[in-house]
Amino acid sequence: MNSSLLLNIFRFIVLIALQVLVFNNIKLFGYLDPFPYVLFIILYPVNSNRSLFLLMSFLLGLTLDMFGDTGGIHATACLILAYIRPSIFKFSFGLSYEYQTIKIAEKISYDRISFIVISVFIHHFLIYMLELLRFGLILDIFLRTLLNTIFTTIVCVLTIFLIKPNRR
Amino acid sequence: MQQIVNFFIKNSYKLLFLLLLGTSIFFTIQNNSYHKSRTISSANYISGSVYEKIDEVNKYFDLKEVNQELVEENSNLKQLLYNKKDTTLTAPIDLPENLLQYKVIQAKVIKNSFDVYDNYLTLNAGIKDGIKEDMGVINSKGVVGIIDKTTNAYATVLSILNTKSRLNAKIKNTNHFGTLTWDAKNAGYVQLVDVPRLANLKKGDTIVTGGQSVIFPENIPIGRIDKAYIDKNTNYYTISVRLFNDMTNVGFVYIIDNTKKTELIELQNSYNEQ
């Protein structure tokens, strides 16, 4: 239990550092930055303290807002994603979800990828929606959401492959 | 009483969620109002020092370009100096400190952004260097933005590439004023709106800061006219301006402190009160 908490704090710091140092400077096509820091929310252990999880997700978003001067956009998106994560679990892993034992990073399969895609899409959609509330650029925002979802998902899956302990 | 406590214990998870949601939405909305009330910004100690460390590494990579820019600026200044009449005969005028209207402070950009709707830059100088809110920020090529938030050691700049940015600008050598805005589409172009139809302009004309601004001195270059068309609804020109500055590559900047600003604002406000 304690080691899992430590692991998550470590992941928290590493993902923020990577996001700020590397991924915020990618600018694919001039404006696309992937947000692989959502991996923190995706990979957080399933059967742990829910309130702590909410609080950690909120802090994760707030830290990124601080670095990016974006007010509270990332914090809101992370918080909502963390709150509805159990529902996405139910949706992706079917009725017989015995998600008490699932570990996302263990094996990549279709339901796992669908879980990642849905989570990333919801997160990005919320982020761009909150910007849409301020400006009327609807088409631009949908385009950015779609492209960026694809981009972030690829980065996330690659990262999972990289850090996955090889057991075979 | 027992029931209230039970209610809170039972719903603590939902209540925590609602509390945090309220906080984050509060921050989001606060960020929309023009720069008077931002709580979360990159001018704080943690992100400021992180960006400063990153910049210390990065600046070695563009030493060459920075030198090139400095040489260009020097040569321009030398050209001005040598073309001045009787440079040796005019005694250097030492204006007393309180007569100088504009003071210039220099700083280095340690974080730049240009790909979102609201772009901010972070500088490695703050209140201790004499930087206050609402000062103008320029570099050798033109306008960069306006100081937004300051802390003791750092400051953020509301870039001209920000949909909230409004600058007073005019066409060089005329007195036709307009407002400089950004449509969030291209980091190389800004839009000058509300220029009256009477204005005589053509492609390639230079756009400079206007004299109505209390933030910038007059005639600081901004860019060249790229396209101009008349808005059907308002009968005013909308002008697309190609920036002189490459906003994706800003290194050293100068901050302009208008010492007469409070005086000017007080004067203007005295009319509003009547």
Side-chain angles (χ1 to χ4, degrees), chain A residues 13 16-17 20-22 24-33 49-86 126-137 140-141 144 148, chain B residues 12-33 35 37-48 50-51 53-54 57-58 111-122 148-149 156-159 162-164 182-188 248:
Chain A
I13 295 167
I16 286 179
V20 172
L21 296 177
V22 181
N24 274 351
N25 300 313
I26 287 195
K27 321 264 186 248
L28 190 71
F29 309 131
Y31 57 86
L32 278 188
D33 283 338
N49 189 336
R50 294 191 303 167
S51 308
L52 188 69
F53 175 45
L54 270 193
L55 215 62
M56 293 270 270
S57 307
F58 176 72
L59 281 180
L60 176 80
L62 207 63
T63 318
L64 280 154
D65 282 328
M66 196 174 79
F67 277 103
D69 287 307
T70 43
I73 291 175
H74 287 282
T76 317
C78 285
L79 186 70
I80 294 176
L81 178 63
Y83 187 70
I84 61 172
R85 195 179 77 144
L126 283 169
I127 284 192
Y128 288 115
M129 266 303 275
L130 286 166
E131 284 189 318
L132 174 73
L133 289 178
R134 304 197 257 159
F135 315 105
L137 306 157
D140 185 43
I141 288 197
R144 281 188 191 208
N148 216 353
Chain B
S12 62
Y13 178 62
K14 272 182 194 158
L15 286 171
L16 178 72
F17 170 69
L18 288 177
L19 179 78
L20 293 179
L21 189 69
T23 323
S24 55
I25 287 177
F26 171 70
F27 285 145
T28 311
I29 292 169
Q30 217 189 19
N31 196 36
N32 289 346
S33 58
H35 95 47
S37 54
R38 225 140 47 85
T39 14
I40 307 289
S41 86
S42 67
N44 65 40
Y45 176 71
I46 303 171
S47 46
V50 168
Y51 280 132
K53 283 277 172 300
I54 299 172
V57 177
N58 278 344
K111 180 235 162 187
N112 186 8
S113 95
F114 43 85
D115 59 331
V116 289
Y117 299 113
D118 290 343
N119 294 299
Y120 295 92
L121 298 91
T122 311
D148 182 39
K149 295 271 295 183
T156 56
V157 181
L158 186 90
S159 163
N162 188 313
T163 48
K164 278 182 265 172
W182 188 52
D183 65 358
K185 282 188 184 133
N186 189 329
T248 60

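Here is the naming used below: chain letters follow the sequence lines, and residue numbers restart at 1 for every chain.
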Atom CG of L21(A) and atom OH of Y51(B): how far apart are they, to the nearest 0.5 Å? 8.5 Å
Looking at CZ of F53(A) and OH of Y13(B), how far apart are the two atoms once the value is rounded to the nearest 0.5 Å?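 Answer for the CZ-OH pair, F53(A) versus Y13(B), is 7.5 Å.
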So what's closer than 4.5 Å to chain A heavy atoms on I25(B): side chain, backbone, both or neither? both
Using only atom types and a distance under 3.5 Å, with no angle test, would you say the side chain of Y83(A) pairs donor to acceptor with the backbone of K14(B)? no
Are K111(B) and D69(A) close enough for a salt bridge, meaning some N to O gap below 4.0 Å? yes
Please enumerate all residues that pass side-chain hydrogen bond (donor to acceptor under 3.5 Å, both in side chains) together with N24(A), with sequence neighbours excluded.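 If we apply the side-chain hydrogen bond (donor to acceptor under 3.5 Å, both in side chains) test to N24(A), skipping adjacent residues, the hits are Q19(A).
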Does any part of the side chain of T70(A), heavy atoms only, come nearer than 4.5 Å to the side chain of D118(B), both counted from C-beta? no
Which pairs would a plain distance check flag for residues 71-81 of chain A, meaning a side-chain donor or acceptor within less than 3.5 Å of a matching protein atom at least two apart in sequence or in another chain?
unit_1	atom_1	unit_2	atom_2	d
H74(A)	ND1	Y37(A)	OH	2.6
T76(A)	OG1	G72(A)	O	2.6
T76(A)	OG1	S24(B)	OG	3.4

